[in-house]
Number of protein chains: 2
Amino acid sequence: MIKNKIGEMENLFKEYRLTPKRKLVLEIFLENKERHLSAREVFRLSREKGADIGLATIYRTLELLEELALLHKLNFGDGRSRYELIPVNDEEHHHHHLICLKCTRIFEVKDDLLQQLESVVENKYNFKIVNHNLQFLGYCSKCRQSEK
Amino acid sequence: MIKNKIGEMENLFKEYRLTPKRKLVLEIFLENKERHLSAREVFRLSREKGADIGLATIYRTLELLEELALLHKLNFGDGRSRYELIPVNDEEHHHHHLICLKCTRIFEVKDDLLQQLESVVENKYNFKIVNHNLQFLGYCSKCRQSEK
DNA sequence: ATATGTGCAAAGGTTTTGCAGGGCC
DNA sequence: GGCCCTGCAAAACCTTTGCACATAT
């Protein structure tokens, strides 16, 4: 089924080529949907799959996939960029992140809570919004439990 | 009046010392309230004021001021950390950022739009929220004007 | 043939760390 | 003295870039 997904994505590549190495990077994201991978992590995972892709190529691939709107670049303030897959045919679906300050794990808030807010802000500040970014910082249930 | 503000902050330093160099870093933030300064920018501004502070000291000072909850560390995805002053006696006042994708300028949304949302998220996801981070990405009025 | 893709090494930038010297309590 | 503060240089990262070679169209 991952093969199928990649097939769907193929026509998005326009003038670029969906090479085996790029395909592998996409596969890695499809197999790790719940994670937010950094360049180095993708590099390591590609090694584990037996592939031989240079780190520079990983960086260039991530940049390309972001440009093609297949990946979202995220910044959790840990000193490296992280990426997540944008589901095809679901471009309007935004979500948010809960970042635990103790265990640093990241949870997803599936709802898009900002639809209404956006128009308020757009009008008040005369600013055309095309995307947003919402993080909640705090403590997850597990970490609060173990405090006790 | 900046002297006064720094006086107010003095008692926050606990076991740490409010040295002349740290005072200067605070001064720089008080004089640039509307900006979001990076370590390098603080470094350059301190030079312009005739001070001689090492870059490493700037980094260590910013880290300390963040720990003392005088500065907020921000991440706009431009590859460096930026900081902004947290107003004393106003800890509950949150605000948000509008980031123009064309001119990269950053505007402030003074309102805190997320008060209600937070309790919804806290209950639904069993996550204790202590802070949040909201960025709107888009195009400012000036850049939309000059498009035409 | 021409354009695109890739690896390697080097370079650039930010941030952290070790160490030695200086200052304050 | 002891603890903190600081500068300098080096190191550690992440990321980008140049160049030469390979590969696909």
Side-chain angles (χ1 to χ4, degrees), chain A residues 6 9-28 35-47 49-68 70-84 104, chain B residues 6 9-28 35-47 49-68 70-84 104:
Chain A
I6 292 183
M9 291 169 171
E10 196 147 8
N11 57 331
L12 295 173
F13 269 74
K14 307 176 200 170
E15 70 268 41
Y16 305 108
R17 299 186 198 132
L18 183 45
T19 67
K21 308 211 169 191
R22 290 173 177 174
K23 211 174 273 191
L24 192 95
V25 170
L26 271 175
E27 259 178 53
I28 286 172
R35 296 178 59 190
H36 308 90
L37 301 171
S38 68
R40 264 225 127 62
E41 286 170 342
V42 174
F43 179 65
R44 191 174 44 74
L45 289 169
S46 72
R47 287 281 149 113
K49 281 164 110 39
D52 187 32
I53 313 180
L55 186 54
T57 302
I58 301 280
Y59 274 102
R60 284 183 281 224
T61 301
L62 294 175
E63 191 188 358
L64 174 66
L65 295 178
E66 193 199 358
E67 189 194 323
L68 297 176
L70 291 169
L71 292 184
H72 225 125
K73 193 179 195 172
L74 304 168
N75 216 313
F76 295 131
D78 62 349
R80 74 213 65 185
S81 292
R82 297 181 169 278
Y83 294 82
E84 71 180 359
T104 72
Chain B
I6 292 183
M9 291 168 169
E10 196 146 11
N11 57 331
L12 296 173
F13 267 72
K14 307 176 200 170
E15 69 268 41
Y16 305 107
R17 299 190 198 127
L18 183 45
T19 67
K21 309 211 170 191
R22 289 174 177 174
K23 212 175 272 191
L24 193 95
V25 170
L26 271 176
E27 258 177 54
I28 286 172
R35 297 178 59 190
H36 309 90
L37 300 171
S38 68
R40 265 226 124 64
E41 287 169 342
V42 175
F43 179 65
R44 193 175 44 73
L45 289 169
S46 72
R47 286 283 148 113
K49 281 164 110 41
D52 187 33
I53 313 180
L55 186 55
T57 302
I58 302 278
Y59 274 103
R60 283 183 280 225
T61 301
L62 295 176
E63 192 186 357
L64 174 66
L65 295 178
E66 194 199 357
E67 189 194 324
L68 297 176
L70 290 169
L71 292 184
H72 225 123
K73 193 179 194 171
L74 305 168
N75 216 313
F76 295 131
D78 62 348
R80 74 212 66 182
S81 292
R82 297 182 169 280
Y83 293 83
E84 70 180 359
T104 73

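Chain letters run A, B, ... following the sequence lines, proteins first and then strands; every chain starts at 1. The structure presented is a predicted model; accordingly, all values stated were derived computationally and were not measured.
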Using side chain to side chain donor-acceptor pair (under 3.5 Å) as the criterion, list what pairs up with A/Arg22, not counting sequence neighbours.
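Side chain to side chain donor-acceptor pair (under 3.5 Å) check on A/Arg22 returns nothing, list empty.
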Give the nucleotide from the list D/dT6, C/dT6, C/dT16 with an atom nearest to the side chain of B/Lys21.
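Among D/dT6, C/dT6, C/dT16, the one nearest the side chain of B/Lys21 is D/dT6.
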Integer-rounded Å distance: [N] [atom2] and [X] [atom1]:
X: B/Arg17; N: D/dG2; atom1: CZ; atom2: P; value: 15 Å
X: B/Arg82; N: C/dG13; atom1: CZ; atom2: C1'; value: 13 Å
X: B/Leu55; N: C/dG13; atom1: CG; atom2: P; value: 13 Å
X: A/Glu63; N: D/dT16; atom1: CD; atom2: P; value: 6 Å
X: B/Arg22; N: C/dC24; atom1: CZ; atom2: P; value: 13 Å
X: B/Asn75; N: C/dT15; atom1: CG; atom2: C1'; value: 13 Å
X: B/Leu37; N: C/dT15; atom1: CG; atom2: P; value: 13 Å
X: A/Arg80; N: D/dT16; atom1: CZ; atom2: C1'; value: 18 Å

Taking OP1 and OP2 of [N], is either one under 4.0 Å from a side-chain nitrogen or oxygen of [X]?
X: B/Thr19; N: D/dT6; answer: yes
X: A/Tyr59; N: D/dT15; answer: yes
X: A/Thr57; N: C/dG7; answer: yes

Mind running a 4.0 Å heavy-atom check of residues 38-47 of chain A against DNA chain D and sending the residues that fall below it, in number order?
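DNA chain D contact set from residues 38-47 of chain A: A/Arg40.
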Does a side-chain heavy-atom distance below 4.5 Å link A/Val25 with A/Leu65?
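The answer is yes; the side chains approach within 4.5 Å.
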Could you check B/Ser81 against B/Arg60 and say which one's nearest nucleotide on DNA chain C is further toward the 5' end?
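Whichever sits nearer the 5' end wins; that is B/Ser81.
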Listed partners of A/Arg40 passing salt bridge (Lys or Arg N to Asp or Glu O under 4.0 Å), at least two apart
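Here no residue qualifies.
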How close do [X] and [Y] get, heavy atom to heavy atom, and via which atoms?
X: B/Ile58; Y: B/Ala39; answer: CG2-O, 3.7 Å
X: A/Lys21; Y: A/Asp52; answer: NZ-O, 3.0 Å
X: B/Ser38; Y: B/Arg82; answer: N-NH1, 3.8 Å
X: A/Ile28; Y: A/Val42; answer: CD1-O, 3.9 Å

